[in-house]
Amino acid sequence: MLKTFHIGGIHPPECKLSAGGKPVVLPVPGQVVIPLSQHAGAPAKLLVAKGDEVRTGMLIAEASGFISARIHSSVSGVVSKIDDVADAGGYRKQAVVIDVKDDVWEDAILREGQTLPTDDLPAEEIIERIKKAGIVGLGGAMFPTHVKLTPPPGCKADVLIINGAECEPYLTADHALMLEKSEEILTGVRLLMQACQVERACIGIENNKRDAIEKLSALAPHYPGVEIVPLKVCYPQGGEKQLIDAITGRRVASGALPISEGAIVDNIGTVFAVYEAIVRNKPLIERVVSVTGKQIKNPCNLRVRIGTPVRHLIEYAGGLPEDTGKIIGGGPMMGRALINADIPVTKGTSGILLIASQEAQRQSSRNCIRCAKCVAICCMGLEPNYLMNISEFKQWELMKKNRVMDCIECGSCSYTCPAHRPILDHIRMGKNEVRKQEARNA
Amino acid sequence: MDFILPAVLSLGLISIISAIVLYIVSKKFEVREDPRIAEIQAILPAANCGGCGYPGCSGFAAACVAASSLDGLLCPVGGAATMTRLAGILGKTVERSDPRIAVLHCNGRCEKRPRLNRYDGLSVCAAASLLYGGETGCSYGCLGMGDCVAVCNFNAIRIHPETLLPEIDEARCTACGACAKACPKQLIRMLKKGPDSHRVYVACMNKEKGAVARKACAAACIACSKCVKICVSQAITLENNLARIDEEKCILCGQCVAECPTSAIVEHIKNKIESC
Amino acid sequence: MKLIISPSPHIHSGDSIEKNMYGVLVALAPAWIVSLVYFGLGALIVTLLSVLSCVLFEYLIQRFLLKGKTTIGDGSAILTGTLLAFNLPSNLPAWIILIGALVAIGIGKMSFGGLGNNIFNPALVGRVFLLISFPAPMTDWPEPGFFPPTYTDAVTGATTLEMIKGHFGDLPAYSALLSGKIGGSLGEVSAIALLIGLIYMLWRKIITWHIPLSVIATVALFTGIMHGVDPALYAHPALHVLSGGLLLGAIFMATDYVTSPMTGKGMIIYGTGIGIITVVIRLFGAYPEGLSFAILIMNAFTPLINRYVKPERFKN
C-alpha cells in the first residue's frame, strides 16, 4: 500500500513531457533582471548602484528583516540600471538589471568537484550559511529557509520531510535533480537534519518517478536516518499539510505551521541549494526549470541563472509556438500566467509551461448543479461550492466561519467543476477580504 | 346541533388564550423608542446605502437623535435639504456642506491604453486585482469590470460601451461613496460637485515615471509639471509623479487643462467632458 | 498575439454538465430496452412523448416566459423526461403525460430558477402530481408481452406490490423480478438492467455508492426485521428490494445531483431516510408504493442536511 493523504485529491493527466532529461546548463543571457522581492516577506535592501561591477555570486541585496532573504548576482557584469520592472502579474517592483560580461565567479565559491568538510558543523553554523546564501523554498512559496529551520521557542521538530512528490502535472525539475544529484541531495538532507537536530528524515516521492525512488533507495542506507517513501500518484500530494499527513499521519491544524506537529518540510530543489551553499559555499544563483508544454518542440529541464528572461528558456526549447495562449510560471494547477515572455526566472520558478490558446481559454460558467464533486475532492475538507455561493453575496464573515482560510488554493475544485465555475477565484477573493477584515480588526 | 357548541366553545377558548398570551408578550417585550427616530426615518431617502457611515437609514436616524450636534452627520443622498428638515425636527442647526459627486480618476479609454493581455478569470475587479495589474501596461488604471456598477444603489454608474470605463450619471449620483470603497484601485473619489457641475481634476492615478506611464497610456499624467507652473492659484502640486489639484485653492480657470500635454487633466462643464 | 492571464488552475478535467446528464441517459438505456421488449409500442410512445414535451416546455418557458438563454442542450430536460416516463405506466394516455411534463418542468424545475436551483426532483414532482390527480390510470399496469404493438389498449394486471399489499394472486418468481417480465411502470421492472446502469454510473464516477447503497440496505434491513417478526404478513426483503420502483428510485431518482446532499455522510443520512419512509408507506400506508413520496420528503430535508452535516475537515 503506497502512502497518501486521506481527504480528497484528484488525478489530472500527468503530462510529464520533459521527464528523464538531465538538466542542461542554459547559456548565460546578455542581460539579466533580478527582482529584489523573490521571497515571502519584506523585499531585500539594495546594496549596489548603477554602473557598479558585479561578479557571479556577489551579494547585491541584503535581507531587510527576519522574514526576508539575501539576493546575489547570478552573473558577472555591470549594473545597467536599478528600476521598477513588471512582475508576473504586471505590478512593477524594484529590480536590478545587469549587462553580462564574461562569467567571473566570486573566489570563495568552490567549483564542481571541490568540497568543504561538513562533519560536526553546529546547527547554528549551518543555518547561518543557509541564510547567507539567500536560500528560500524553491517549490514556489519562496519562504526563507533559515526562518523555517529556526523553530519558534517551545517547538521542536522531530522529523524532516523532503518534498519530492512533484505532484503538479508537467513539472519534472525535481525529478531531474533527484536523478542527477542523488548523492548531493542525500548529503543535503543530512545537513538539514543536523541543522534542525532531528534523527529522522523522509523523502516523499510520487510513484510515477520509479527511477528516482530506486536510485535514492539504493543510496539511502549510507545516510543514517534517511528514508525514501514512495507515495501514491495523487494531486496535491506535495501540498505541505498533505505530505505531512501522508508520511506521518499527523495533521497540521488550521492556520498552524508544520512545526506544530514536529515536522519541517523542504523541497528537493531547496535541499540541493543547501548542499551547494554549505559544501561549495555557493549562494542561490541558479535553479533547475522545466520548460514544457504540448506545443513546445523540445520539452527539457534547464539549469538557469536567476534573472534570465523566460524568453531565453523558451527559445532554447524550440521557440514560442504560434498559438500560445498562456505562458505559465510554475505548474498548471498552481502556477501563475505570465503577462509576457520578458518576465525573469526567480528563485521560485519551477517550470515554464506553454498552453495553446484553445486549452488556455476558460469555458463560460454555468449554474451549479450541486454534483458535490468539489466537496469530494477538496483536500482540506471544505465545501468549495458553498464558499463560492456565499462569496457571490459577499458574506465574508460566513466564509471565515466555513474555514475559507484553510484553503491551500490547490485548484482541484475549479479543475473538477463540470459547470466550469470559477470556484477558486471566488475563494481567493474571500480569503483576501477575510485577511483585510482581520487586519482592520487588529 | 350538539356538535356545534363544543366546536364554538373550544375555538373561542383557544382564541381567548391566544389573545391573552399575545397581550402579555407584547407588553413584556415592548421596545420603547424615541418617536423622533421614526419621524426622521420617514424623511430619509430609505435607500439604506450606508453612505452616511451608519448601517442603513434607521441607524443614521438613531445616531442623529443621540448626537448632541449634527456636525459630521450627513445623509449624502438627501443632501442639504433633508438635513435641514431633519435639524428642524430635532431643534438643532446644521452646517452647510458643498454637494459632492463620485469622480473617476482614470481616463484610459480603449484607444489611449492598448490592451496587452486578455484577462480570462472571474470578472470582478477585486478578484482580478489580486493577481494582476490589469490587461494594459498600467497597473493603476481602471479594470473595467464594474465592481462600482454592482455596488451602486442608485443606478448612477454604467460601463460606457465605447470607452469601457465607468460613467457616472450626475443626476443620479448621491456621493454615498459605495463605489469608492468597492474600487480596488481607489480610482473613484468624492469631489466637490462645483458651481454648475464645473470642476477640474487629474484623471489619472499612475505613479510611474513619466516615460513609463506614457508608454502604458496616452492619457496618463507624465509628471511634466507644466500644470504646476501655469497655475495662478498654486493649487497644483506634484506627488509621486502625479499632479494633484487642491479643491479649495482651484479657481476653475482651466489653464492647466489647456497646458496638459496628455489631457490627463479634465475639465468637466455641465455634464459634458470638454477635454480629450 | 495577446497572452491570456487568469488565476490558477490553468487546466480543466474536461468534465461537463452534458457529460454527466448524457452519462445518466446511457445508464438508463438497458432499462429502456427492457421496457421496449415487454411493453412494446406503449413504452416507445410514452418515452418519446414525455421527453419531447419536457424539452419543449423547457424551451418555451426559457424563451418566452423568462426571455433568456435556452439550455435544452445540456440534457437535463431530456433526463427529466426520461425519468418521468420511466415512472409512468406504458398505457398512460398522451394528454396525461403532457400534464405531467408541464408540472415536472414548469413547477418542479423552472419555477425555482431552472437547473441547479430546484428543491425537489422534477420528474418525481410530475409523477406524484399525476398519481394524486389521476389515481386510476396511474395505477393501471399493462401486462408484459413481447414487443406488444399496443398502447392504451394494452391488457392490464396488478403489480407485485399491490399483490403484497392486498394479499392476493401468486407472487412473481425472482427470475421475473430480475429480468422484468412483470407489470409496473415502464422503467422500473428489470432489476438487472437497472443494476447494469448503476455499475456504469459508478465506473464513470457520475455518482457515488452512498445513496443507492444506503437506500437499498435500509429497505432490506427494515423489511427483513418485519419479515422476521411475521412472515405471513410482511413479504421477504428480497421481494421488497427487487419490486416496485425501489431500484429505479435508489439508483436514478434519489441520486439526482441537485436535490441530494453534498457530503458522503449527508448522503447516507438522506438514503437511510428514504429507505425508512419508503418501507413505512409500503407496509403501513394507503399506497402500495412509497418511494416517490419518500424521495420528495427527503429532498425537502436536503438543505437542512447540508447545513448540519459538514465534510470531514482536514483537522478540527
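Here is the naming used below: chain letters follow the sequence lines, and residue numbers restart at 1 for every chain. Atoms considered below: every heavy atom in the structure, side chains included; atoms not considered: hydrogens, waters and symmetry mates.
Chain A forms more heavy-atom pairs under 4.5 Å with one residue of B/V124, B/N117, B/L116 than with any other, namely B/N117. Of the listed residues (A/G325, A/P422, A/A337), the greatest number of heavy-atom pairs within a distance under 4.5 Å of chain B belongs to A/A337.
In this structure, A/H39 has its ring center no closer than 6.0 Å to that of A/F143.
Distance alone, capped at 3.5 Å, places no donor-acceptor pair between the A/S391 side chain and the A/G430 backbone. Using a distance-only test at 3.5 Å, with no hydrogens or angles considered, a donor-acceptor pair links the side chain of B/N48 to the main chain of B/C57.
The contact list for residues 205-214 of chain B toward chain A, using heavy atoms and a distance under 4.5 Å, reads B/E208, B/K209, B/V212 by residue number.
Contacts of B/E247 classified as salt bridge (charged side-chain N to carboxylate O under 4.0 Å, His left out), with partners at least two apart in sequence or in another chain: B/R100.
Contacts of B/D120 with chain A are made by both backbone and side-chain atoms, with heavy-atom separations under 4.5 Å. Heavy atoms closer than 4.5 Å to chain B are found in the backbone of A/A360, but not in its side chain. Proximity to chain A (any heavy atom under 4.5 Å) is shown, for B/L131, by both the backbone and the side chain. Using a 4.5 Å cut-off between heavy atoms, A/R336 contacts chain B through both its backbone and its side chain. Only the side chain of A/D83 comes within contact range of chain B, with heavy atoms under 4.5 Å apart.
Within the 4.5 Å cutoff, side-chain heavy atoms of B/V200 are placed close to those of B/C256. Side-chain contact check for B/S123 versus B/M145: some heavy-atom pair is nearer than 4.5 Å.
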Can I get a per-line list of side-chain donor-acceptor pairs under 3.5 Å for residues 349-356 of chain A, giving both atom names and the distance, sequence neighbours left out?
| residue | atom | partner | partner atom | Å |
| --- | --- | --- | --- | --- |
| A/T349 | OG1 | A/T346 | N | 2.9 |
| A/T349 | OG1 | A/T346 | O | 3.4 |
| A/T349 | OG1 | A/T346 | OG1 | 3.2 |

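At a cut-off of 3.5 Å, with distance as the only test, no side-chain donor of A/D84 or A/Q94 sits close to an acceptor on the other residue.
Applying the ring pair (Phe, Tyr, Trp, His ring centres under 6.0 Å) test to residues at least two apart or on different chains, the pairs with a partner in residues 415-442 of chain A are A/H420-C/H12.
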